[in-house]
Amino acid sequence: MDSKTAQKWQKSWKDAQIFVPKEKGKKYFITTPYPYISGSLHIGHGRAVTETDIIARYKRMKGFDVLYPLSFHITGTPVLGISAAIKSGNQKMIQLYKGYIKTYISDEKEVQKVLDSFKEPQKIVDFFTPKMIEEYSGLGLSVDWSRTFTSGDMTHQQMVDWQFKKYKQLDYLKTGDHPVLYCPEDGNAMGEDDIKDADSNKVEKQEYTLLKFKFEDKFLVAGTLRPETVFGQTNLWINPDAKYVEVKVGDENWILSEKAAWKLSFQKKQVKILREIKDLIGKTAIAPGINKEIPIFPSTFTNPDRVTGIVTSVPSDAPFDYVALRDLKENKELTDKYGITDEVQKIKVIPIIKTQRYGDSAALALTDKHKIKNQNDPKLDELTKEVYKEGYHSGVMLENAGEFKGLKVSIAKEKIKQHLTKKGLADIFYETTRIAYSRSGGEVIVAVLDNQWFIDFNSEGWKQKAKKLLGGIDLVPDSYRKQFEETFEWLDKRPCARRRGLGTKFPFDKDWIIESLSDSTIYMTLYTIQDLIIKNNLKRENLSEDFFDYVYLNSISLDEASKSTGIDKELLKQLRQRFERWMPNDHRHTFSLHLSNHLSFMIFAHAALFEEKYWPKMISFHGLIVRDGGKMSKSKGNTISLLDIKEKWGADTFRFYITQSTTLDGTFDWKDKEAKNAQNTIKKILAEGKQAALQRKKGVVKPLYKSKFERIKKNATNYLENLKTREYNNQVVFNTLTVIKEAKKDLDEKHLASFYDYMLDDWIKMLTPAIPHTAEEIWAHSNEGLVSAQSWPKYDNGLIDDKLEYMSELAESLRLDIIDLQKLVDVNAKKLTIIISEKWKYDFLSKLKDITSDSMDYQYVMAEMMKTEHKKRGKETVALLQYYLKNISKIPKFLVSQEEEISALKENKKNLEKEFGYQIEIKISDGKGKKALPGRPGLLLG
RNA sequence: GCGGAGUUGCCGGAGUGGUCAAACGGGACAGGUUUAGGCCCUGUUAGCUUAGUGCUUACGCAGGUUCGAAUCCUGCACUUCGCACCA
């Protein structure tokens, strides 16, 4: 089907307004997350909306008044980033976006004009929004576009503003300090996209414990990841070539590397560099935790650019320390230079942690084992990790840990940290996991932002409410529930405002923008009223806190609301009714990756703000889209845009391919070759449908085919009810095509025509949710109007005849038996004798079925069987019994009597004679010769 | 590291105690149709065996429960996803 035909139908749907809700009758409100605007759309964007559309169309045909809306997300930094890059003359970005614009506009001058306008971020949104609606529409979506908005629209902003005011009233918002990746040169917090190579080599924040060593009237500060090792400290390390400074931090004076002081100034208030400090080596400081004087030694492995540039030495559990100390003991020249030779020689390793694998001095055990030569050995890094890992998992604190002895390392770590902090001997310092630079080249460090706003999911009572909501929600598939529960446990404080980006201003501090996941948790409510807001031209000042209090919560009176918002009472009432009509969201279809953020936040938001009856009812999940087994990405150039779908493949090919090739939540792997097959299948459906439409004629329909088709209807309905779109597709496409094929082979022209007449309309209707364009095309051949506006067919359970279908299966298996036999035998035979089983075996099987329905136990079945008259045929009975019990699958599903079997065979005789060219004789077995069983006649060829 | 999901035939992927050598689709092979190709039709696609409808081996690996396990239990191995300011 070409894109023109598809567009013709899309226009017909639009003109007929069939996807605009009627606002009456039983409702179904279905949503899928709004996509982010960033250029043109590809099939990854197409999956969710297509699957949602199938359900929406089905529900509509089932008689629901369906609301299926869609909007666009623009909040956050990406659009801003695109705009900034274009502004700054980034050629890569300019070319990329020129390319996008060119897909819609051909005139070179116009393209440039549009591109120039992108220097203003909002213009990007304005340009792409209608294009995206067009691209989505090309898939044949049954969306009501009259309620569309973007997350930057005034209505959305007012709603989010209201939401955060409610959070504040509920005391769910907190402020506090928060560490972020930060680039002082750029003056910005850094996301993954802002840091060089961060997508391939992640940068994370790491929390170090700062240990404070009393030194004169100051503190030397050393950072460590292992505060529990304080009991094994023997000395301090500093780098003799590095510059150390004294800084004033609050009321205290600290000594640390110059670089560290600079970093610290982004993490603590009032950090002031006072002076350089020299000649530390050989002096002593008092180690925290053990309150012992320890000496300061030189080391080259201490990097002044990492953490504080001062390291405390724990040779028992730090391979670096152990090796450095060993090296130092052997380097008398050096120690003499600093006059610390005696001190160095005196140092002894102090065991503090016992591990399963490496005893009580893990660092020693490992460095000896791996024969580490000196402190520059590259293996040391690996060993450090190993000691850390083993210590953390199996380590236990020894005697000298005082009150912490006997504790597991994993527990002692936290306790000791707290203990030292409380005594003023420890603090916190954040460092990045690796040295990193922003895209513009500035160094990335960790800064602690104060006055950061958080949503506190651990606020009193909130989690319980959210859990209650979760408990009442249908998840499809339900296996995601556990992951939700885990996520809920782990959710804590989430920073909800950022310094930059598009979006809604934070109501309590207008310098901040509400973060882009926090601002899209209740926007589906807006779909219930957005069209009315537009139609009535409501302004920002109308959509005040009171507006939403009334429309969403009904928590203030109509009079009050009307007075304060300046909105007519009738309209306000209507808005409230709209909200009441459409809420709750009956079904939300989303990407499974959204579970731990968007979906969880959505649940919390609904639990916080709305009455229970407005809580969402169902969430279903879809999976990833990949191509030829690999991820699609713009940089790889392997994306398929929705425009490609429209032009090259056809909307229905995509719709069909995506539904039939994977389950709802499975990964969908696009392969051109398979897409081609899907395209052929669509063609075939079209051809078969056309033929049926042309040949259909009222008449008598063979019950077998009625039964088969009614079964397809039943299955298709049940599958769709359970969101099994793939299985539904199997039924209405492949199974139906198979039945048509069988009918064509089996029926004469007249009967075929009446079968076509019987099934065609219902078949097209069932195809509609999956492949609506194709369905309309076939429908038009023999019907008026639009099939998209038809009702879903009802099935007649009474016409489904298991036995009838079973007998037709028997006929088929007989056919296959004959084929098998032909392969084994001389083909010259002219005659085929079909031998029907002896009568008593039918009775035997009937008894056997009865008995085995109680128990399959051999002894039991045998004993029971021997109670019947079959006892007299002892030997044969036992043999048969053994056969059937061993091959339970051979017990027929249905018992057909001997007479029925004969008459069915007689009916089938002609067809068989025609197909194989034998003369066929039907005989009843005399008990000799060829074995025959009920439903499985013996064959004699020749 | 913590937590989730998974491992089925040539491939994608159904299947959750007997009707399973395993749906459905695809691929490959053989035959028919066709001027040829495509479409279409028929058959084969774990091994062995057979005037037949039988046997053996198989659903990540190793054990266990059961008259009976792809399906339930235990352990192991591997794969994959998420872990917060990122949409």
Side-chain angles (χ1 to χ4, degrees), chain A residues 33 35-36 38 73-79 178 180-181 189 191-194 198 204 389 392-393 410 452 454 477 479-487 489-498 501 515-518 520 592-598 600-601 623-624 629 660-663 665-669 671 673-674 677-678 680-681 683-684 687 724 726-727 729-731 733-735 738 741 744-745 813 816-826 829 852 855-861 883 885-893 915 930-933 936-942:
Chain A
Y36 196 88
S38 66
H73 197 204
I74 67 159
T75 314
T77 49
V79 167
H178 184 63
V180 292
L181 292 173
E192 194 177 286
D193 289 341
D194 309 316
E204 282 169 296
K389 210 168 123 187
Y392 189 83
H393 287 105
S410 51
Q452 169 76 53
F454 298 89
S479 48
Y480 285 97
R481 191 171 298 277
K482 208 163 173 197
Q483 210 175 326
F484 259 123
E485 285 163 359
E486 293 298 330
T487 303
E489 282 310 313
W490 156 90
L491 278 173
D492 187 19
K493 289 186 181 63
R494 181 185 171 85
C496 59
R498 304 190 63 185
E515 180 271 327
S516 62
L517 281 173
S518 305
S520 33
S592 46
L593 287 184
H594 290 149
L595 190 147
S596 65
N597 43 55
H598 166 69
S600 293
F601 303 158
L624 193 67
Q660 71 91 33
S661 77
T662 184
T663 49
D665 69 324
T667 299
F668 171 63
D669 191 359
K671 293 173 182 153
K673 206 171 161 189
E674 288 183 1
N677 285 328
N680 284 333
T681 306
K683 275 187 198 154
K684 195 170 172 197
K724 304 222 172 210
R726 176 203 187 109
E727 287 78 2
N729 231 328
N730 270 183
Q731 292 295 324
V733 177
F734 298 113
N735 286 18
T738 304
K741 196 160 91 185
K744 277 177 158 175
K745 209 168 112 185
S813 81
L816 294 175
D817 280 349
I818 296 172
I819 290 169
D820 273 351
L821 195 53
Q822 273 184 323
K823 284 181 196 153
L824 298 169
V825 179
D826 189 8
T852 51
S855 162
M856 287 284 192
D857 184 67
Y858 181 83
Q859 300 296 334
Y860 171 79
V861 177
Y883 168 73
L885 283 182
K886 203 167 173 191
N887 303 284
I888 281 154
S889 63
K890 299 293 191 278
I891 300 175
K893 263 188 282 188
E915 181 175 352
K930 295 290 156 208
K931 284 173 282 171
L933 294 171
R936 210 77 208 254
L939 300 176
L940 187 65
L941 203 51

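Protein chains get the first letters and strands the later ones, always in sequence-line order, with residue 1 at the start of each. Only a predicted model underlies this, so the values are computations on that prediction, with no experimental measurement involved.
Counting non-hydrogen atoms under 4.0 angstrom, A/Asn729 reaches nothing in the nucleic acid. A/Lys684 comes within 4.0 angstrom of sugar-phosphate atoms only, judged by non-hydrogen atoms across all strands, and of no base. Across all strands shown, A/Leu593 has heavy atoms under 4.0 Å from sugar-phosphate atoms exclusively, and none from any base. Heavy atoms of A/Phe601 sit nowhere under 4.0 angstrom from any nucleic acid atom. Using a 4.0 Å heavy-atom cutoff across all strands shown, A/Thr75 reaches sugar-phosphate atoms only and no base atom. Using a 4.0 Å heavy-atom distance criterion, A/His73 is classed as a sugar-phosphate-only contact. If you check every strand for non-hydrogen atoms under 4.0 Å, A/Ser592 touches nothing. A/Leu816 comes within contact range of the sugar-phosphate backbone alone, with a heavy-atom separation under 4.0 Å but no base atom that close.
Here B/G37 sits opposite no nucleotide as a Watson-Crick or G-U wobble pair (both hydrogen-bonding atom distances under 3.5 Å). Pair assignment for B/C72: B/G64, on the basis of Watson-Crick or G-U wobble contacts that are both within less than 3.5 Å. When both pairing distances are held under 3.5 Å, B/G6 makes a Watson-Crick or G-U pair with B/C78. Searching all strands for a Watson-Crick or G-U wobble partner of B/U50 with both distances below 3.5 Å returns nothing. For B/G1, the paired nucleotide is B/C83, the pair qualifying as Watson-Crick or G-U wobble because both relevant distances are below 3.5 Å. The partner of B/A28 is B/U44, judged by Watson-Crick or G-U wobble contacts that both fall below 3.5 Å. In this entry B/C59 has no Watson-Crick or G-U wobble partner, no candidate having both defining distances under 3.5 Å.
Distances shown here put every side-chain N or O of A/Arg498 at or beyond 4.0 Å from the OP1 or OP2 atom of B/A84. In this structure, A/Thr663 reaches the B/A14 phosphate: one of its side-chain N or O atoms is under 4.0 Å from OP1 or OP2.
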Does the side-chain contact (heavy atoms from CB on, under 4.5 Å) test come out yes or no for A/Asp669 and A/Glu674, once each step is laid out?
CA-CA 10 Å; A/Asp669 191 359; A/Glu674 288 183 1; over 6 Å; no
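Spacing between B/G6 and B/C55 at atom P, rounded to whole Å, works out to 35 Å. Remark: the separation of the P atoms in B/G60 and B/U8 is 6 Å, to the nearest Å. Comparing the P positions of B/A22 and B/G54 gives a spacing of 13 Å, expressed to the nearest Å.
Side chain of A/Gln452 to main chain of A/Ala497: a donor-acceptor pair is present (N/O by atom type, distance under 3.5 Å, no hydrogens or angles). At distances below 3.5 Å, at least one donor-acceptor pair connects side-chain atoms of A/Ser600 with backbone N or O atoms of A/Leu595.
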Pairs under 3.5 Å (N/O, protein and nucleotides 2-9 of chain B):
| unit_1 | atom_1 | unit_2 | atom_2 | d |
| --- | --- | --- | --- | --- |
| B/G4 | OP1 | A/Lys482 | NZ | 3.4 |
| B/G4 | O2' | A/Gln483 | OE1 | 2.7 |

Enumerate the protein-to-nucleotides 23-32 of chain B contacts in which both atoms are nitrogen or oxygen and the separation is below 3.5 Å.
| unit_1 | atom_1 | unit_2 | atom_2 | d |
| --- | --- | --- | --- | --- |
| B/C24 | O2' | A/Asn730 | OD1 | 3.3 |
| B/C24 | O2' | A/Asn730 | ND2 | 3.0 |
| B/G26 | O3' | A/Asn677 | ND2 | 3.1 |

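A distance of 9.5 Å separates OG1 in A/Thr738 from CG in A/Asn730, rounded to the nearest 0.5 Å.
The base of B/G52 sits with one of its N or O atoms less than 3.5 Å from a complementary donor or acceptor on the side chain of A/Asp817.
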